[in-house]
There are 2 protein chains.
Amino acid sequence: MAGKREQNREQNRQALIGAVLDSVAEKGISETSVSEIIQRAGLSRGMIHLHFGGKDNLVQAAAHHSSEAYYDGLETLLQTAGDSPQERVEMIVRGDLSERVLNQRNVSIWYAFRGEARNRKAIAEYSDTRDGRLRGMIHNAFARIVREAGTPDASGAARDATHGTLALLEGMWTDFLLHPDRFDREEAARIVFRFLAAMFPAHFSLAGAIRPKQGKRGCNSSP
Amino acid sequence: MAGKREQNREQNRQALIGAVLDSVAEKGISETSVSEIIQRAGLSRGMIHLHFGGKDNLVQAAAHHSSEAYYDGLETLLQTAGDSPQERVEMIVRGDLSERVLNQRNVSIWYAFRGEARNRKAIAEYSDTRDGRLRGMIHNAFARIVREAGTPDASGAARDATHGTLALLEGMWTDFLLHPDRFDREEAARIVFRFLAAMFPAHFSLAGAIRPKQGKRGCNSSP
DNA sequence: CCCAAAAATGGACAAGCGTCCATCAAAATC
DNA sequence: GATTTTGATGGACGCTTGTCCATTTTTGGG
């Protein structure tokens with residue numbers, strides 16, 4: 001036991017962070033006031049100042065928490081994936097588009113923070129960190145694919161593939177933000193894999209399933 | 001002359017809208033207060049209530065204005081493009097990534113409004129309208145390309161191409177938002193055209209230049 | 001030139017914000 | 001069980017917000 005004191009302390013900290021995220025998801029950042037937060041957390045007014053020194057710091061901590069949760073989820077998923085770079089890329093794409101990660105709550109929170117990112121340096125940092133780590137994971141996989149395939153201009157191809165994949169995923173998130181009802185996860189995944197199949201026809205197939213090892217084929221006209 | 005009265009009236013309305021957009025771009029939505037707005041516009045406090053009936057309506061009008069400006073700019077650009085669907089698509093892509101459209105001010109404003117869109121129905125509407133019109137323009141062009149090429153599953157291919165192109169552009173905007181300094185317009189365009197070349201090898205080349213009419217070729221392995 | 005009409009002004013106002021601290025409750029230590 | 005220590009409480013505070021309106025200024029018509 002870590003002492004009932006410290007245990008409660010941490011529990012309340014988490015309650016505050018959770019309340020901020022709930023409020024941001026439901027009402028947006030501009031309506032996430034101190035009163036709103038403490039009401040949701042069921043705690044007293046002074047707690048915010050006590051634990052975080054002020055509302056701004058609490059919001060920042062919430063952004064941090066959200067960012068970590070996203071990345072941790074993706075990393076957990078990645079550990080169940082095989083070693084091959086194709087499998088890892090596919091896992092990231094499918095994970096990023098899965099219900100677990102891409103849902104109304106997360107999207108609301110993410111875009112709310114993004115909107116404020118330009119004016120709140122601390123938040124921008126976490127926004128960036130998340131993207132940076134994801135970028136690293138994807139780039140790593142593509143670098144291996146490119147190396148194996150012996151593509152000319154290897155670093156350029158890996159960079160473009162990383163850039164394009166991330167941009168596509170980002171665009172899919174926006175799509176979901178604007179039209180959560182008519183969003184189609186399968187269609188989104190299919191389009192990403194179309195892009196990947198175009199860049200690495202020997203590694204990805206249009207169906208989105210990983211192409212089994214075989215001789216290189218250079219042709220992939222429309223289905 | 002439309003009467004000095006009405007002329008001034010309209011001028012002040014525009015000044016208020018401009019002040020809102022400037023403030024949103026520089027300080028973000030949460031710091032765009034009535035005081036901030038009227039100070040920038042150099043007008044008196046009561047003007048907002050007089051011309052728009054309240055701050056919320058003014059902000060909505062500003063979102064509308066921004067949305068219209070974006071689309072008008074793109075449409076003007078399109079009028080200088082040729083008739084071929086390839087040219088039109090290329091014009092849209094290059095236009096959307098051009099300094100004129102994709103710059104710090106526009107990106108800040110756009111993402112600030114997006115962040116609030118979920119909680120302000122009126123703003124979400126304009127956000128949607130812009131996307132909808134752009135989508136229509138692009139889909140139209142791809143539908144023609146697909147028809148000419150006689151692709152099987154024509155409507156599906158056009159839809160995927162539209163979806164993918166928009167998602168990629170969206171992702172590029174996000175990229176610019178987060179890293180305006182190290183953003184490379186040429187690289188962004190190249191990646192979009194890579195995607196297009198993969199889907200329609202007979203119509204787009206990897207270099208981003210439109211491929212002159214010629215016999216169909218189905219192969220486009222890495223450069 | 002004068003007067004009615006319209007537009008612009010800026011201060012008053014209530015409501016809501018975030019911060020802080022005197023007070024209280026409870027856990028840890030002796 | 002008494003005492004110290006630490007976490008938790010909620011009201012008071014100063015400040016800013018957006019709204020509104022009595023007043024002043026400007027414009028256009030007679």
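Computed from heavy atoms alone, side chains included, the values below leave out hydrogens, waters and symmetry copies. Naming convention: chains lettered A, B, ... in sequence-line order (proteins, then strands); numbering from 1 in each chain.
Rounded to whole Å, atom C1' of D:dT17 lies 15 Å from atom CG of B:L58. The CD1-P distance, from B:I48 to C:dA7, rounds to 17 Å in whole Å. If you measure from atom CD of A:Q7 to atom C1' of C:dA27, you get 13 Å, rounded to the nearest angstrom. Put simply, NZ on B:K55 is 17 Å from C1' on D:dC20, counting in whole angstrom units. When rounded to the nearest whole Å, the span between CD1 of B:I38 and C1' of C:dG11 equals 12 Å. The nearest whole Å value for the distance from the CG atom in B:L16 to the C1' atom in D:dG18 is 14 Å. We find that NE2 of B:H49 is positioned 9 Å from C1' of D:dC21, with the value rounded to whole Å. We find that CD1 of A:I37 is positioned 17 Å from P of C:dG16, with the value rounded to whole Å.
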Next item on the list: Take nucleotides 4-13 of chain D nucleotide by nucleotide from the 5' end and write B, S or -, depending on whether a protein heavy atom sits under 4.0 Å from the base, only from the sugar-phosphate, or from neither.
Entry: -BBSBBBBB-
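Looking at which nucleotide of DNA chain C each of A:G53 and A:E31 is closest to, the 5′-most match is held by A:E31.
Taking the side chain as every heavy atom from C-beta outward, A:E90 and A:I92 never approach each other to under 4.5 Å. Under the 4.5 Å side-chain criterion, counting only non-hydrogen atoms from C-beta, B:L134 is not in contact with B:Y71.
A:W173 and A:Y70 have perpendicular rings, their planes meeting at more than 60° on a 0 to 90° scale where under 30° would count as parallel. Between B:F204 and B:F200, the angle of the ring planes lies from 30° to 60°, which puts this pair in the tilted group.
Residues B:A117 and B:I123 approach most closely at CA-CG2, 4.3 Å, considering heavy atoms. Between B:A188 and B:M172, the closest heavy-atom pair is CB-SD, 3.8 Å.
At least one side-chain nitrogen or oxygen of A:S35 sits closer than 4.0 Å to the OP1 or OP2 atom of C:dC17.
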